[in-house]
Each structure stands twice: as C-alpha cells, then as structure tokens.
Amino acid sequence: MAPAQNPISSQHVAVIGAGAAGLVTARELRREGHTVVVFEREKQVGGLWIYSPKAESDPLSLDPTRSIVHSSVYESLRTNLPRECMGFTDFPFVPRFDDESRDSRRYQSHMEVLAYLQDFAREFNIEEMVRFETEVVRVEPVKGKWKVRSKTSGDISNDEIFDAVVVCNGHYTEPNIAHIPGIKLWPGKQIHSHNYRVPDPFENEVVVVIGNFASGADISRDICKVAKEVHIASRASERDTYEKPPGPRNNLWVHSEIDTASEDGSIVFKNGKVVYADSIVYCTGYKYYFPFLDTNGYMSIDENRVEHLYKHVFPPALAPSLSFVGLPAMGIQFVMFEIQSKWVASVLSGRFTLPSQDKMMEDIITSYATLDALGVPKRYTHKLGKIQCEYLNWIAEECDCPLVEHWRNQEIVRGYQRLVSHPETYRDEWDDDDLKEEAYKDFATKKLISFHPSYFLESSI
C-alpha cells in the first residue's frame, strides 16, 4: 500500500491490557508520535504470564457472578517454542546467564517469559504509560471519538475521551466447555484448564482430559505423575483410536472423542471403550470475550468468530479508530503483536491508509467464503496455522516493516513437528541447532546482542 499523502497526525490512544500485546502496542504507538494510556487491571505488566496459585471458585468458570482470575498459567508450564523465535524482533529473548534467578533453558518456564516482558517494559520505559489496577468497564463511540470508562481497585470510576482504542486484552480468560451428552447427570468433578494449577488434587484418580494439543498434552502428562490413570479424548483422532502415546508413562491412553457420560460415573468413548472416571479436565480452549465493548450492535461474536474484522485487526465501519491486536492463534505470537501494532500505529498517524470500508468488507466476505469452501469451521476463523507467516508478511509490507525472518518461521515449523512426534522430550532434545545458530548470528548482525553468538550457542541448554 502506498504511503498516505496526508500530514502525519498524533492521536490520543487508549490501549486495553498490559500483557505482551499491550506492551509492544504502546511502544509502537509512542514511536509513531501518539500519546498513549494503557489500562491494566493487575498490579504489574505481563498479562497471562502472571502466575497465580489461586483459581476461580467455579472450576468450570461458568458462573457469571464468580470472582474472575485472569491467569491461566499452571505451575509446571514451559513454553512449547524455542526462546529465539518468541521474542520481539529488536529485543531478543536471550538467556541471562549472569542472573542465577533466571531460567536459561531454550524452552523456559512461564516465570522466565514474565521476566522477559518486565525487561522489555523497563528497556522502553513503557510502565510510565500504564495505569495499574485500573479495569476498563465500558468503551463506546461518542461523536467520532471513544469514551472509555475505567474503574480503579478502589472502585473509583472515570470517563475519558480518546481518539482511538486498541484492544489488547487477550483471549485466555473465558473458557470454552465442550458439550458431552449426559454430562449433567455425571457425578464426578469437572474443571477447565483455566483453573488447573498443580496435579495434586488428582492423586490416585482416574482422570479424563479432553483435548490433546498444547495445554492438553502438557496437563495430561503432569497429572499422570500422580493419577491412577489418565485418558485423553482427542477430537483429532480417528473414531477407533485407542493407544498409548510414546514415552515412559504406563498410565496414559489416547482415545477418540467422548460419546456419552452417565450417572453411574462412566465415560464412553466413540471407540467403544468405557472408563469410570473421577474427574474431567477440559483443555478445550477459550472464547473471545469483550464485555466492555459497545459498538451499537456493529460487532458480534458468532461461534467464536469476531465479526467483522479486516485482516483480524480493523472493524471496517469503525476503522481505524478501533482496532484489535493479538486475536489470531499462531506460533509467532509476540512478533504478530509487534507487526500488527506497527500497522495500527502507522494507519492512525496517517502514514499509511486502509482500503475503503466497502473494499475491506469485500475482503472479509471473500475470506469467509474461502474458509467455507475449504470446510473450515467458523470457530477456526482466527486460527491461521500454516499461513501465519504469509499473513504477517502481508501486514509487514502494508506498513513497510521487515518481513518475518526465515529462521523464525522454520523454528516454529520444526518445533511443532517435534512436539507432535516427541511430546515427552521435544523441549530438551532438538534437531534444529542450525536454525538456532542462524538466529544468534542474525541478532549479532543487527547489533541486538553484546556478546558473540558463540557465547549463547555454547552455553545454552
């Protein structure tokens, strides 16, 4: 897209959330000359990476009156991608060998990711833009601008007017619960992974885990350390699937989907196997949820598709003053936040322009038709999978920023291949040292690290 001919303008922008998406969005907006206020309900930056041992009172998180806990991190969580490809492009996520409190492993703990985000916030003086313990309770359009109502931890409300709002509140707090015929009469315990922290409550139990990717694979292996049996129900498996996954565990089985649950405590899988279970753990993902946002009915969420968004970022009739950073599900999360926020910032300043509202809607309708023709369910609209790099490079070209590096994309691809083929060991045994070396040489060439690449390559674990 050609640069706009208009003079560069500065906007007063509200950013909702100070997780990874909100932090880099605030930085890019300020770099572009905008004034920024970041609203964060927690006491610190980090978003979903802030671990809390506390879980919600309702283990399924269905009670609308429950006290909401925003963290979904469990105690044993380690990243499922190498650190090199996780970091922002100009602030590499490298090991801190000089600090014994830090986790130098290539696949690090959630605490190390939080520490990295805190380092990022300090490096770019982002916290001075953040209002902590301040929750956004309502956002609505008013005479071409946006009124943002916020509430402090002391219940003090405040209304402010902004030229633009960028929503970066994440999508890991409103659990999606799979429907199981007969579950209302089933007598056992049920919990969503959002409220899972440690395996201890499942000691000597027979546990069914629904979902076998990312959190499902991790949590099932965490629980089987203490449980009598763990049975994974996998939608991706064939109907007659009944197998033991590779690894040292003798009490872990993978099945096809659940067929029914019964009052006698039994769970019947579609492969015909019957298990009498004590607990069910739902590792079934999350719903997009923006309870504070009022667009006068323009936007809606249909089967977990946020409608309507141009390239998952801009609602055509409200663009560019309303935008979303971080909606798509993909491996290169932090870099996605960075590239999307560069686009938002440059469009708000007038340095680049969006297509007309009609053209954007036409693009959205075409993309929906393409997904439908491919048989992709509506709920997967924002799951980009193999096209994630193509998507990010399209946006990068729109706002004239660097494309995703070859090594970064390949670390994602090969990392997920190892996750699938070697779920027990992929974090500690890998076959992509060539990509790791390419990454650190790239950091050195760009003068992003102060040590020679060999310092990290020879020391990293």
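Counted by atom type alone, Asn169 and Tyr289 present zero donor-acceptor pairs between their side chains at under 3.5 Å. Side-chain contact, Ser61 with Asn195: a donor N or O sits under 3.5 Å from an acceptor N or O. Using modelled atom types and a 3.5 Å distance limit, the side chains of Ser150 and Asn158 yield no donor-acceptor pair. Between the side chains of Asp302 and Ser300, no donor-acceptor pair of N or O atoms lies under 3.5 Å. Gln340 and Tyr391 share a donor-acceptor pair across their side chains, judged by distance under 3.5 Å alone.
Under a cutoff of 6.0 Å and an axis angle of 45°, Arg197 and Tyr74 do not form a cation-pi pair. Geometric assessment of Arg235 against the ring of Phe213 yields a negative cation-pi assignment under the 6.0 Å and 45° thresholds. Both cation-pi conditions hold for Lys273 and Tyr242: the charged atom is under 6.0 angstrom from the six-membered ring centre and inside a 45 degree cone around its axis.
In summary, Arg78 and Asp222 do not engage in a salt bridge, as defined by a charged side-chain N under 4.0 Å from a carboxylate O. Contact check on Lys151 versus Glu133 returns no salt bridge, with no Lys/Arg side-chain nitrogen under 4.0 Å from an Asp/Glu carboxylate oxygen. With respect to the salt-bridge test (charged N to carboxylate O, under 4.0 angstrom), the residues Arg66 and Asp58 do not qualify. Between Arg379 and Glu303 there is no salt bridge, since no side-chain nitrogen of the basic residue lies less than 4.0 Å from a carboxylate oxygen of the acidic one. Under a 4.0 Å N-O distance rule, the pair Arg96/Asp119 qualifies as a salt bridge. We find that Glu429 and Arg418 are not joined by a salt bridge, their nearest charged nitrogen and carboxylate oxygen being 4.0 Å or further apart. Taking a cutoff of 4.0 Å between a charged side-chain nitrogen and a carboxylate oxygen, Glu411 and Arg83 do not qualify as a salt bridge. A salt bridge between Arg30 and Glu28 is absent, with no side-chain N of the basic residue lying under 4.0 Å from a carboxylate O of the acidic one. Residues Lys228 and Glu203 are not paired through a salt bridge, judged by the lack of any N-O separation under 4.0 Å between the basic side chain and the carboxylate. Salt-bridge formation is not detected for the pair Arg122/Glu127: no Lys NZ or Arg NE/NH1/NH2 atom is positioned less than 4.0 Å from an Asp or Glu carboxylate oxygen.
A centroid separation of 6.0 Å or more is found between the aromatic rings of His110 and Trp49. Ring centers of Phe334 and Phe93: at least 6.0 Å apart, outside the cut-off. Checked against the 6.0 Å centroid threshold, His194 and Tyr282 do not count as a close aromatic pair. The aromatic ring centres of Phe314 and Tyr310 sit 6.0 Å or more apart.
Contacts of Phe443 classified as ring pair (Phe, Tyr, Trp, His ring centres under 6.0 Å), with partners at least two apart in sequence or in another chain: Trp407, Tyr440. Checked against ring pair (Phe, Tyr, Trp, His ring centres under 6.0 Å), His382 has the following partners two or more places apart in sequence or in another chain: Tyr288, His312. Residues passing the side-chain contact (heavy atoms from CB on, under 4.5 Å) test with Ala21, sequence neighbours excluded: Cys168, Val325, Phe337.
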### Task
Dump the intermediate steps for side chain to side chain contact (heavy atoms under 4.5 Å, CB included) on Trp146 and Leu318, then the final yes or no.
CA-CA 10 Å; Trp146 292 89; Leu318 303 171; 4.1 Å; yes
### Query
Can Arg138 and Glu140 be said to form a salt bridge (Lys or Arg N to Asp or Glu O under 4.0 Å), step by step?
CA-CA 7 Å; Arg138 189 172 179 83; Glu140 59 183 331; 3.4 Å; yes
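Side chains of Glu205 and Glu229 form no contact here, defined as non-hydrogen atoms less than 4.5 Å apart. The shortest distance between side-chain heavy atoms of Leu29 and Val15 falls below 4.5 Å. In this structure, Val13 and Val166 have side chains that are in contact, with non-hydrogen atoms separated by less than 4.5 Å.
Around the NZ atom of Lys446, the shell of radius 6.0 Å holds more than 12 heavy atoms that belong to other residues, nucleotides or ligands.
The residue from Leu293, Val148, Val38, Val139 that alone fulfils the side-chain contact (heavy atoms from CB on, under 4.5 Å) condition with Ile16 is Val139. Screening Glu40, Glu160, Glu42 against Arg131 for a salt bridge (charged side-chain N to carboxylate O under 4.0 Å, His left out) leaves a single residue, Glu160.
Relative orientation of the Tyr172 and Tyr286 rings is perpendicular, given thresholds of 30° and 60° on the angle between their planes. Ring planes of Phe88 and Phe120: tilted class, angle from 30 to 60°.
Shortest non-hydrogen contact noted between Glu84 and Arg408 is O-NH1, 3.5 Å. In plain terms, the two heavy atoms of Val344 and Ser323 that are nearest each other are CG1-OG, 3.4 Å.
Distance OH/Tyr196 to OG/Ser215: 11.0 Å, rounded to 0.5 Å.
One N or O on the side chain of Ser52 and one on the backbone of Lys54 form a donor-acceptor pair closer than 3.5 Å.
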